[in-house]
Amino acid sequence: MFGSFDSAFKEKKYKAGIVRNDYVLRVIACVIIIALNLSLFGLHDNPFLWTFLVLHTVIYPHVIYQISSTTTEGYRNILLDSFFYGCWIAIWGFNPITTLAYVCGAWMTNFAAGGLRFFVKGAIATITGALISGSLYGFYFREQISLLPTLIASIGLFTYTMSLGLVIYGVNQTLIKTKLKLSQQKTLLEDLNHLAQTVNSNLNLENILENVITSLQRIYPIEQIYITMFNDGFSELTLIKSFGNALSPEQQKQIESIKFDKLKDADSVFMKPLLKNYTLYIKDVAETVGNSHSDIDKALYALSPSKTIAYFPLRVANTVIGGFGCINYTNELTLTSKDLKLIEDYLVFVGTAVRNAQLLEDARRASKLSFQAKLAAEASEAAKSHFLANMSHEIRTPMTAILGYSESLLDDALSSEERTKFVKTIIRSGKHLLTIINDILDLSKIEAQKLEIEMVKVSLANIIEDIRSHVGLRAHDKGLKLTIIPEFPLPGILHTDPTRLKQILFNLGGNATKFTHSGEIRIRIYYLTQSNQLIFDVEDDGIGMSRTTLDRVFDRFVQADTSTTREYGGTGLGLHISKQLAQLLGGDLTASSKVGKGSTFTLSINPGYSSPESLLINQDMLETQSREEPHSKHTEFQAKLAGNVLVAEDTPDNQLLIRRLIGRHGVKVTMVNNGQEAVEASLHQKYDLIFLDIQMPVMGGEEAARIILKQPAPPPIIALTANVMKHQVESYLKAGFSNCLAKPIDRALLYQNLIEHLNLQVSLCEGRVLIVDQDITSAELVGRFISKLAPKLQIKMASTSSDSFTFFNQYEFKLILIEQHLQDRNGLDLIKELREIDQHTPMLLLSSMIDQRLLQAAKESGASDVVAKPINRRSLEQCVICHLEQLPN
C-alpha cells in the first residue's frame, strides 16, 4: 500500500533546532550585507572586498548549514556570525547606523541563544572581527551615509529583529508542547499500568484493544488501527481486525481477513517490518506509494489512499507474532522518535494480550469444530451407507436388464420384433449405467478440485433449442407440457461451458419431469444486468419438498427419503454435482418448494461480457438467432467411405467392436494388439488413418504415436482412451494426435472422425439430378459439387417452379433439390405438389433459415431432407449419397 521502506530514523539525519533556526536568520543578515555593500560602495573594483562578500554572503551560510547538525555546532556558527558582522562594521566605517544595526542583531541573537555568558562571547567575537578587518582594510569613521543605506540598515534591523522574535516564539511554543507531552506521557504511564492489569485479568481481545486505542487516541490523533497476526507456521500474515471510523463498513469488510504471503509479499509494508523486526514510520505516504514493489500494498492504497502509517511489531518473548498499525487517511500523523518509542513501550503488553486471546479463541474454535466434525462424520457415514445401498440398486438394476436381455438374444426362437426390443432395452440400460458412472466420476473430480471447465462462445438460442429438444421429449413422453419463457433483454452470446450448462439444465428438467405426474414444466429465463447473472428458473407442478428435505437437497449422497429413492430411483448425486458446476460457471443453484405444490430450482451463471448491441430485446431477435444457427437433419444412414485404417487395441472384445463399427462404413480395417505392432505395421503398409489406444502392454499409444509421426508423411492419428480430462486431451494433442475419442466409443463421433480423414466411396447409378434455384450461381455451385462426386450424373437446372414442372414432365430424376424461396412459389409448396405426383424420388429442401419449425414443415410437405445454406460440400455429399444409395437398383 505504501511501498517498502526501512525505518526513517535509520536513513535520515536530523539537525538540531538551533542549526535550523539560525540558518534562516543568517540568510536574512547576508542579504542585508549585500544590499548595504552595493548602496555604500557601488560596483567598486576592489577584488578583496568582492571576494570576501561572495564567500561570506553567498557560500558561507549554506556550507555551514550542511556541515552542522548538533547544538554545539550551532553555537559555534553563531560566534562565527558575530565575528564576520564585526568585520563588516569596520569595512563600513563604524557608522552609528550600520554599527548599531549589526551589533544589536548579533548580540540579541547571542543572548537569546545562550544567555549572558554566551552574550559576552559573542561581543568578544564581534570586537575581534572589527579589529582584524580594521587592521587590514583601515580604521575610519563614516560620519554620514545617504538615505538608501540608512533605509536598508533600518529595514534590515527591523526584519532581523522580527525574525528573531518569531524564532523565540517558536521555541516557546515547542516548550509548551513539550510540557503538554510530558503531561500526556504521565497519563500514558498510568494507562500502561491499567493495561497491564487488564491483560492479566481479561482474555477478551476486544476489551483489551478498546483500552489500548482509547489511551493512544487521547495523546495522538490516530484515525484507524490494524492488527495483523502470523499463522502458526509464520508463513502467512492475516489482517485480523481493523478499528476506527476512517473506513466505510464495506471497506472495513474488504480489508479484514486479507492475507499476506511470507514469500510473495515479502516487500509489503505489513510484512517487511515484521520480518526484519523494526518500526516503520512513513509520514507522507503519497510521496512513496509509486515506488512500491508489492501488488497487495498497491491494491490496499487504491481501496482507500492513506496519508501516514506507523507500524509496530507485536512481540511475545522477543518473537514477533504480528503487527500494530496506526493509519491516518485524512490528516497527517506527526510522530517523533520519542513518540514512536513511547508507543512501542505501550505495546509491550498488547502482544501478550493478543496472543493469549488468540490461544483462547483457537481452543474454543477447536472444541466447536471437533464437536461439529463428530456430528458431520456420523451424518456422512449414514449418508454413505444409504448411498452405497442405493448405488448398488441403481447399478444392479440396469446390469440385470443388460445381462438378462443379452442372454435372451441367444434364443433362436426370438422374433425380429422381440430381438429389436431387447437390443433397445440393452442400449437404454447401458446408457443409464454410463450416466451413473459419469456422476460418480464428476463427484470424484469435484472432491479432488480437478473438475475442468472449458469456456467457449455459444448462442443462447442453441441452449434453448437443446433444452426444448431434450427436456421437451421426456416431458412429452410423460404427457406433460414444457413451456420456455424468455424475459427480455437477454444476452445473445454466452461465454460459458455449454456442456456443463446443459448438464445442469438437463438434470433439473429431468428431475422436474420425474417428480411431476400431471401439469406443466416451466423454464423461465431472464438476465440481471446489474450483477451480470443469467437466470434459469425451472418450475414444476410436482410433489414438492418439505422444509427439512429442502435444506439438504444439495448434499451429496442425499435424496428426499428412502421412499423417494424406492419410487423414483436415482443416486442422489445429480443436484450436488449441479450446484458445484453452477458455482464453477460463476453463479449458484438454489431451490424453493412446497409439499404438493411443486418446486422451483433457480440456476444462475455468469454469461460473460455482453455488449448492449448483442442483447436480444424481443422474441423475433431470438427466433432470428435460432434460424441462423447451423442445423442438420440427422438420418440413420451414413455414407460409405474408402480408405485403409489401422487400429491398435489390446482387448479382444473391443477389437471386435471397433472393427465392426469402422468396417460397416466400407473401410478396410487392420487390427494390432499394441503400440509396438502398430509401429511395425505402419512401416510396411501405408494407412490413411490410425487409431491408437493410450494404455496398452509392450508399448502405449503415446510412445507409438511419437515414433510413427517421425516417419515420412505420417497419417492422422486418433487417440482411443477413457482418460479424457481436459489436461489429458491437451497432452494427447500436444503429442501429435489429431483428435481424441472417449471410451465407450460414440458411433456418431467415430463417424465424424472417419469422414473427416477418409474419402467418400462413390457407387452411384447413372441418372439425372434436378436443381431448382432462382440464384444461378448457387445452383451451379451445387451442380459442380454433385458432378465431382458422381461424374455420370446429369445435372438439370430450373430457376422457377414452372420450369421445374417442364423438366419433371420430360425426364425421370434420381434426385431433386429445391430452394425454399423461389420467385414464383415457396419451395415447400412446390415439394408438396410434386409429392402428389411422385412418392419415391428423394426431394431435398435448400434453406438458409433452418429451425425446428422449418424441419417439421419440411417433413409435412414431403421433403426427404433439409440442406443448410451456404452449402457445405461435405454435408451435401453425405446427404446426396445417403438418398441415392437408398434407392432401389
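Throughout, residue positions are numbered sequentially from 1 according to the sequence presented.
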| message | Evaluate Ser304 against Tyr329 for side chain to side chain contact (heavy atoms under 4.5 Å, CB included), listing each step before the verdict. | response | CA-CA 8 Å; Ser304 182; Tyr329 291 92; 3.5 Å; yes
| request: Determine whether Ile321 and Leu274 make a side-chain contact, defined as any pair of heavy atoms from C-beta on separated by less than 4.5 Å. | output: no
| task | Give me the ring orientation class for Phe554 and Phe601: parallel if the planes are under 30° apart, tilted from 30 to 60°, perpendicular past 60°. | result | perpendicular
| Say you draw a straight line from CZ of Arg524 to CD of Glu539; how long is it, rounded to the nearest 0.5 Å? | 4.5 Å
| query | Is there a donor in the side chain of Thr238 and an acceptor in the side chain of Lys259, or the other way round, less than 3.5 Å apart? | reply | yes
| request: Answer yes or no: is there a donor N or O on one side and an acceptor on the other, between the side chain of Asn511 and the main chain of Phe515, under 3.5 Å? | output: no
| Least distance between heavy atoms, Phe488 atom then Leu616 atom | CD2-O, 3.3 Å
| query | Got a sec: does the CD of Gln583 have more than 12 other heavy atoms crowding it under 6.0 Å? | reply | yes
| Quick one: does Tyr527's side chain get under 4.5 Å of Leu615's, heavy atoms only? | yes
| Hey, are Thr548 and Asp551 close enough side-chain-wise for a donor-acceptor pair under 3.5 Å? | no
| request: Could you walk me through whether Val285 and Lys307 pass side chain to side chain contact (heavy atoms under 4.5 Å, CB included), step by step? | output: CA-CA 5 Å; Val285 174; Lys307 289 188 176 293; 5.8 Å; no
| message | If you count every heavy atom of other residues, nucleotides or ligands that lies below 6.0 Å from Lys502 atom NZ, does the total exceed 12? | response | yes
| query | Looking at side-chain heavy atoms only, is the closest gap between Ile464 and Leu622 below 4.5 Å? | reply | yes
| Going from CD on Gln580 to CZ on Arg500, what distance comes out if it is rounded to the nearest 0.5 angstrom? | 12.0 Å
| Close side-chain approach of Leu501 to Leu603, heavy-atom, < 4.5 Å | yes
| request: On the 0 to 90° scale, with breaks at 30° and 60°, tag the Phe270-Tyr311 ring pair as parallel, tilted or perpendicular. | output: perpendicular
| Gln533 side chain to Gly586 backbone, donor-acceptor under 3.5 Å | yes
| message | Rounded to the nearest 0.5 Å, what separates atom CD1 in Ile327 from atom OG1 in Thr308? | response | 9.0 Å
| query | If you round to the nearest 0.5 Å, how far is CD1 of Ile605 from NE2 of His495? | reply | 11.0 Å
| message | Using modelled atom types and a 3.5 Å cut-off, is there a donor and acceptor pairing between side-chain atoms of Asn507 and backbone atoms of Gln503? | response | no
| request: Would you indicate whether the side-chain heavy atoms of Tyr278 and Pro313 approach each other to under 4.5 Å? | output: no
| task | Mind running side chain to side chain contact (heavy atoms under 4.5 Å, CB included) on Tyr226 and Glu256 for me, showing each step along the way? | result | CA-CA 9 Å; Tyr226 289 173; Glu256 289 181 357; over 6 Å; no
| message | Could you tell me if the side chain of Arg315 sits less than 4.5 Å from the side chain of Asn277, heavy atoms only? | response | yes
| query | So among Gln254, Gln251, Gln224, which one has a side chain to side chain donor-acceptor pair (under 3.5 Å) with Ser242? | reply | Gln224
| field | Non-hydrogen side-chain atoms of Leu589 and Leu508 separated by less than 4.5 Å | value | yes
| Does any N or O in the side chain of Tyr281 come within less than 3.5 Å of the main-chain N or O of Leu340, such that one atom is a donor and the other an acceptor? | no
| task | Walk me through it: do Asp540 and Ser599 pass the test side-chain hydrogen bond (donor to acceptor under 3.5 Å, both in side chains)? | result | CA-CA 6 Å; Asp540 63 60; Ser599 303; 4.5 Å; no
| remark: Tested for side chain to side chain contact (heavy atoms under 4.5 Å, CB included) against Leu585, the lone hit among Asp497, Asn606, Leu494 is Asp497
| So how far is it from Ile258 CD1 to Leu237 CG, rounded to the nearest 0.5 Å? | 11.0 Å
| said: With a 3.5 Å distance limit and no angle check, can you tell me whether Asn328 reaches the backbone of Pro221 through a side-chain donor-acceptor pair? | reply: yes
| Rounded distance (nearest 0.5 Å) linking atom OH of Tyr526 with atom CG of Leu534 | 10.0 Å
| note | What one should report as the nearest heavy-atom pair of Pro607 and Pro491 is CB-CG, 4.2 Å
| message | Looking at Glu236 and Asn231, would you say the former's side chain and the latter's main chain have a donor-acceptor pair under 3.5 Å? | response | no
